[in-house]
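Worksheet for the structure shown next.
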Amino acid sequence: MKEVVCEETNDNQKVFQGYLSMYPVSGIRMNAGILVLFFLNLFLIIPVLSVPYQRIYAYILLPPLAVMNIWAMALILAPRKLQLNYVLFRGVFGIVCSLGFMIVTQKFAYIGLGLETPWYTAFSFAAYGFALYQYICSHIRKLDSPRQKREEDSGLSKVSITLFTGLGYLLANLSLLYVSEDRVAIVLLCVYSMLSFVMFHFILELHRYYWLVRTGVRK
């Protein structure tokens, strides 16, 4: 029993030490530029400002987009000084991007498809919150106990639950084909829904940043 416990402890330490590694300075400029100046701006500004234009979506999304662009420029100008800050940047990017995509899907649903029921918003954000919670729990459990995570891989893990939730939400969006003929809006709605779930990976950088700061890691 002692040998098993010691082996699991060593596994935890190795996984956690690797988890606390910093991103190389050489890649910060390019990555920050691609994430915000290209990806975030392209996928959020265009649908927010596109016809039919609705001020409410611009008021919600443009301020955080402006902050992310300024932050990205700071990282591009001083990547070495802001090496640790880049981890926080990735986490905040994940939140802005993921929630931004979810908000854009509301525009596609209510403005593009003409939905009037508030149940779509309630269902979409409930599915989003549930999937994110399951994903975070799975991530933390993997760090706490790699051995237990390997044992769970043979069964229904929380990542699988997250995947099934995302697929269920995607199918729910596809079902809108039966109530609308606007296939372009439905395809965009499905794409943005999928991207919002993919961004969970970046949101978890906040957990890494917390432990980097707590353990005093700077480089």
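With rounding to the nearest 0.5 angstrom, the CD1 atom of I28 is 14.0 Å from the NZ atom of K81. A distance of 6.0 Å separates CE in M199 from CG in L195, rounded to the nearest 0.5 Å. Once rounded to the nearest 0.5 Å, the distance linking CZ of F125 with OG of S196 reads 9.0 Å. We find the CD1-CD1 distance between I56 and I111 to be 10.5 Å, quoted to the nearest 0.5 Å. With rounding to the nearest 0.5 angstrom, the SG atom of C137 is 7.0 Å from the CZ atom of R141. Rounding to the nearest 0.5 Å gives a distance of 13.5 Å between CE of M73 and CE of M68.
Following chains of ILVMFWY side-chain contacts shorter than 4.5 Å, one cannot reach L77 starting from L82, and the two form parts of different hydrophobic clusters. A continuous path of Ile, Leu, Val, Met, Phe, Trp and Tyr side chains, each step under 4.5 Å between heavy atoms, connects I46 with F93, placing both in one hydrophobic cluster. Transitive grouping of hydrophobic side chains (ILVMFWY, heavy atoms separated by less than 4.5 Å) brings L65 and L49 into a common cluster. Linking Ile, Leu, Val, Met, Phe, Trp and Tyr residues whenever their side-chain heavy atoms come within less than 4.5 Å leaves V67 and L206 in two separate clusters. Linking Ile, Leu, Val, Met, Phe, Trp and Tyr whenever their side-chain heavy atoms come within less than 4.5 Å leaves Y59 and L44 in two separate clusters.
Between S124 and T105 the shortest side-chain heavy-atom distance does not fall below 4.5 Å. The closest side-chain heavy-atom distance from V36 to F89 is below 4.5 Å. Side-chain contact between F202 and V92: absent, with no pair of heavy atoms (C-beta onward) separated by less than 4.5 Å. For the pair L189/L113, a side-chain contact is recorded, criterion being any heavy-atom separation below 4.5 Å from C-beta on. You'll find the side chain of L61 reaches within 4.5 Å of the side chain of V104, heavy atoms only. Looking only at side-chain heavy atoms (C-beta outward), Y192 and F43 come within less than 4.5 Å of each other.
Pairs engaging residues 20-38 under the salt bridge (charged side-chain N to carboxylate O under 4.0 Å, His left out) rule: none recorded [sequence neighbours left out]. Residues in residues 42-54 take part in no side chain to side chain donor-acceptor pair (under 3.5 Å) pair, two or more places apart or across chains. For the side chain to side chain donor-acceptor pair (under 3.5 Å) condition, the pairs that include at least one residue of residues 110-119, sequence neighbours left out, are Y110-T121. Pairs engaging residues 65-76 under the side chain to side chain donor-acceptor pair (under 3.5 Å) rule: N41-N69, W71-N85 [sequence neighbours left out].
Taking the six-membered ring for Trp, F200 and Y128 have ring centres closer than 6.0 Å.
Residue P47 comes nearest to F108 through the heavy atom pair CB-CZ, 4.1 Å, listed as atom of the first residue, atom of the second, then distance. When all heavy atoms of I203 and S98 are compared, the closest pair comes out as CD1-CB, 4.0 Å. Of all heavy-atom pairs between H207 and I140, the closest is NE2-CG1, 4.2 Å. Closest non-hydrogen pair, A58 versus V48, comes out as CA-CG1, 3.6 Å. Looking at every heavy atom in both residues, L40 comes nearest to C97 through CD1-SG, 3.6 Å.
Take Y57 and apply the ring-ring contact (aromatic ring centres under 6.0 Å, His included) test, not counting sequence neighbours, and it matches no residue. Residues satisfying the side-chain hydrogen bond (donor to acceptor under 3.5 Å, both in side chains) test with Y86, not counting sequence neighbours, are R90.
Between the side chains of E205 and Y23, a donor-acceptor pair is found at a separation under 3.5 Å.
Other residues, nucleotides and ligands place more than 12 heavy atoms under 6.0 Å from the CZ atom of F39.
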